[in-house]
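So the structure is just underneath, and the comments pick up after that.
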Amino acid sequence: MERRVLVLGAGGFLGSHLVERLLAAGALVEAVDRSFDKLTVRDPRLSLIEGSVRDLDPARVERAEVVLSLTALCNPALYNTEPLAVIEANYEELAPVADRCATSRTWLVHFSTCEVYGRTSLGLDNRPRDAMSEERSALVLGPIALERWTYACAKQLLERRIWALGRHRGLPFTIVRPFNVVGPRMDFRPGVDGEGTPRVLACFLRALLDGEPLDLVDGGEQRRSFIVVDDFCDAVERILARPEACRGEVINVGNPDNDVSIGELARLLARAYAQRMPGAPPARTRVVSAVAFYGDGYDDTPRRIPDINKADRLLNWRPRRALADALPGIVDDYVRRYGP
Ligand code: UGA
């Protein structure tokens, strides 16, 4: 793939994995981020541009064949504590990037979120449905005072802007909705390379390493469908190889076969951890209320299963990796980075 790719948010979890894939496929990559701690690969085809997307040189967008936009504040603990920063990072800073892509007719592959589906899976006939579908699901957010939905709303507004730019201003775009991607290098360890509360996987790993109980918010019966990062990157590679088929499309990328409760995730992770650290004390869990864990304004989705028929049809892709099989590698990465 001899193509010039501009990756915004290249130093993050998904960005760092995708840049490695792009380089392996022979792309020329311009990588933009505030820090590149997770992107350790070095390659003459890779240029690192340190800085904010706010200061992005428009010439970079113009000369790129495709722009991958990944920058986001995507940590639920921030949605009700730093909502203005969440709106700024997930909408205001990226709207000009989308506009610029429209002006120069640069293909924008924007990474949105499964959170746009909101609190529950609702069909267009107003009946519940199992899986969330790009064309057949409503987007159901909570009331304004439940600031949890600030993120989903900002992401949805950007999707709507990109869609409108596509329909009315000729922007070539593809919107990807990732569903709970997990893998090595996800999030951070509080107090070491980040502050605050990361997403559930990193919360549990931290607790295991510190010999503390794993917090099950409201009991841990809520469910998520986790997709392993390798499967996710395979889907994105296939999108990039199919500009015509994917133009103007919104595509879920997730793994419905890895639908587990958070309590089950805790159990699977504790098992993988015990295998990696045989002398460690047995893992414990404790139930905490959402308000104690996140503060006022939090809300949740009880179950989130992707409908991936469209990805299958457009990309000839289906995810392959089972969550339980991927956890030992994720635990090993965490222990090597942060362990004793
Ligand atoms: C996440 C984020 O909003 C986004 O990063 C993203 O778009 C999307 O989902 C994703 O990862 O693709 P959520 O799934 O709620 O939202 O994020 P987590 O923080 O991983 O929480 C999952 C569930 O675990 C929630 O129900 C939460 O209450 C629970 N949880 C979290 C615990 O039970 N214990 C913890 O220590 C942390």
Side-chain angles (χ1 to χ4, degrees), residues 9 12-14 70-83 86 89-90 110-120 132 139 141-142 146-156 158-159 175-183 186-190 196-210 212-229 231-232 252-255 258-270 283-295 297-306 323 330:
F13 164 53
L14 295 182
L70 290 142
T71 59
L73 279 186
C74 58
N75 183 339
L78 299 173
Y79 306 164
N80 62 324
T81 54
E82 297 286 346
V86 167
N90 295 298
H110 175 67
F111 293 78
S112 184
T113 174
C114 54
E115 287 239 344
V116 295
Y117 291 107
R119 309 181 79 222
T120 190
M132 293 163 162
L139 308 181
L141 306 187
L146 291 182
E147 289 178 302
R148 159 61 184 256
W149 303 111
T150 301
Y151 169 76
C153 186
K155 291 287 241 184
Q156 187 192 143
L158 190 60
E159 284 199 25
I175 290 171
V176 178
R177 290 185 183 154
F179 278 68
N180 290 83
V181 189
V182 290
M186 188 178 181
D187 289 346
F188 56 90
R189 176 163 165 79
T197 307
R199 284 171 290 184
V200 65
L201 187 88
C203 283
F204 285 174
L205 286 166
R206 186 210 61 78
L208 288 165
L209 202 61
D210 291 345
E212 290 178 11
L214 281 60
D215 287 331
L216 299 179
V217 173
D218 285 346
E221 280 173 22
Q222 62 278 45
R223 304 178 74 83
R224 295 292 187 270
S225 303
F226 293 97
I227 179 169
V228 179
V229 71
D231 279 333
F232 180 78
N252 287 343
V253 179
N255 188 341
N258 284 335
D259 167 42
V260 295
S261 72
I262 298 303
E264 176 74 355
L265 174 72
R267 204 179 59 73
L268 292 171
L269 206 55
R284 293 163 295 140
T285 56
R286 73 178 166 200
V287 173
V288 294
S289 72
V291 73
F293 193 84
Y294 290 108
Y298 181 75
D299 195 17
D300 206 350
T301 308
R303 192 167 203 195
R304 191 191 266 163
I305 301 177
L323 178 63
I330 294 173

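Only heavy atoms go into these numbers, but all of them, side chains included; no hydrogens, no water, no symmetry mates. Order of listing sets the numbers, starting from 1, for every ligand and every atom in it.
Interface atoms of ligand 1 facing Pro76, defined by a heavy-atom separation under 4.0 Å, are 2 (C), 3 (O), 16 (O), 17 (O), 19 (O). Taking a cut-off of under 4.0 Å to the non-hydrogen atoms of Phe179, the atoms of ligand 1 that pass are 12 (O). Interface atoms of ligand 1 facing Pro178, defined by a heavy-atom separation under 4.0 Å, are 12 (O). Atoms of ligand 1 lying under 4.0 Å from any heavy atom of Asp300, numbered from 1 in the order shown and given with element: 25 (C), 26 (O), 28 (O).
Looking at atom 2 (C) of ligand 1, its nearest protein heavy atom turns out to be Tyr79 OH, 3.3 Å. Nearest protein heavy-atom neighbour of atom 28 (O) of ligand 1: Tyr298 OH, 2.9 Å. The nearest protein atom to atom 6 (C) of ligand 1, hydrogens excluded, is given as Thr113 OG1, 3.7 Å; this is a heavy-atom distance. Closest to atom 31 (C) of ligand 1 among all protein heavy atoms lies Tyr294 OH, 3.3 Å. Nearest protein neighbour of atom 34 (N) of ligand 1, counting heavy atoms only, is Asp215 O, 2.7 Å. Distance from atom 9 (O) of ligand 1 to its nearest protein heavy atom, with residue and atom name: Arg304 NH1, 3.2 Å. Scanning the protein heavy atoms around atom 1 (C) of ligand 1, the nearest turns out to be Glu115 OE2, 3.6 Å. Given atom 5 (O) of ligand 1, the protein heavy atom at minimum distance is Cys74 O, 2.5 Å.
Residue contacts with ligand 1, taken as heavy atom pairs separated by less than 4.0 Å, do not involve Phe13 at all. Here Val200 has heavy atoms under 4.0 Å from ligand 1 in both its backbone and its side chain. Contact annotation: for Pro198 versus ligand 1, there are no heavy atoms closer than 4.0 Å. The part of Phe204 lying near ligand 1 is the side chain, judged by heavy-atom distances below 4.0 Å. Looking at Val217 against ligand 1, both its backbone and its side chain come within 4.0 Å, counting heavy atoms. By the criterion of a heavy-atom distance under 4.0 Å, the side chain of Gln222, and not its backbone, is placed next to ligand 1. Only the side chain of Arg148 comes within 4.0 Å of ligand 1, counting heavy atoms alone; its backbone N, CA, C and O stay farther away.
Contact annotation: Gly220 has no heavy atom less than 4.0 Å from any atom of ligand 1.
Atom OG1 of Thr150 and atom CG of Asn90 lie 10.0 Å apart (nearest 0.5 Å).
Shown are Asp215, Leu216, Leu214; of these, the side-chain contact (heavy atoms from CB on, under 4.5 Å) with Arg286 is made only by Asp215.
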Task: side chain to side chain donor-acceptor pair (under 3.5 Å) between Asp300 and Tyr294, intermediate numbers included - done: CA-CA 11 Å; Asp300 206 350; Tyr294 290 108; over 6 Å; no
Task: Worked check of salt bridge (Lys or Arg N to Asp or Glu O under 4.0 Å) between Arg206 and Asp187 - done: CA-CA 11 Å; Arg206 186 210 61 78; Asp187 289 346; over 6 Å; no
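With sequence neighbours excluded, the residues that form a side chain to side chain contact (heavy atoms under 4.5 Å, CB included) with Asp259 are Arg223, Ser225, Arg303, Ile305.
Donor-acceptor pairing under 3.5 Å is recorded for the side chains of Asn180 and Arg304. For the residue pair Arg148 / Tyr79, no side-chain donor-acceptor distance below 3.5 Å is found, with atom types taken as modelled.
No more than 12 heavy-atom neighbours from other residues, nucleotides or ligands sit within 6.0 angstrom of CD on Glu221.
Salt-bridge check for Glu212 with Arg284: failed, with every basic side-chain N at 4.0 Å or more from each acidic carboxylate O. Salt bridge present: Glu159 and Arg177 bring a charged side-chain N and a carboxylate O closer than 4.0 Å.
Using modelled atom types, one side-chain atom of Asp218 and one backbone atom of Ala290 make a donor-acceptor pair closer than 3.5 Å. With Asp299 contributing its side chain and Trp149 its backbone, the two residues share no donor-acceptor pair below 3.5 Å.
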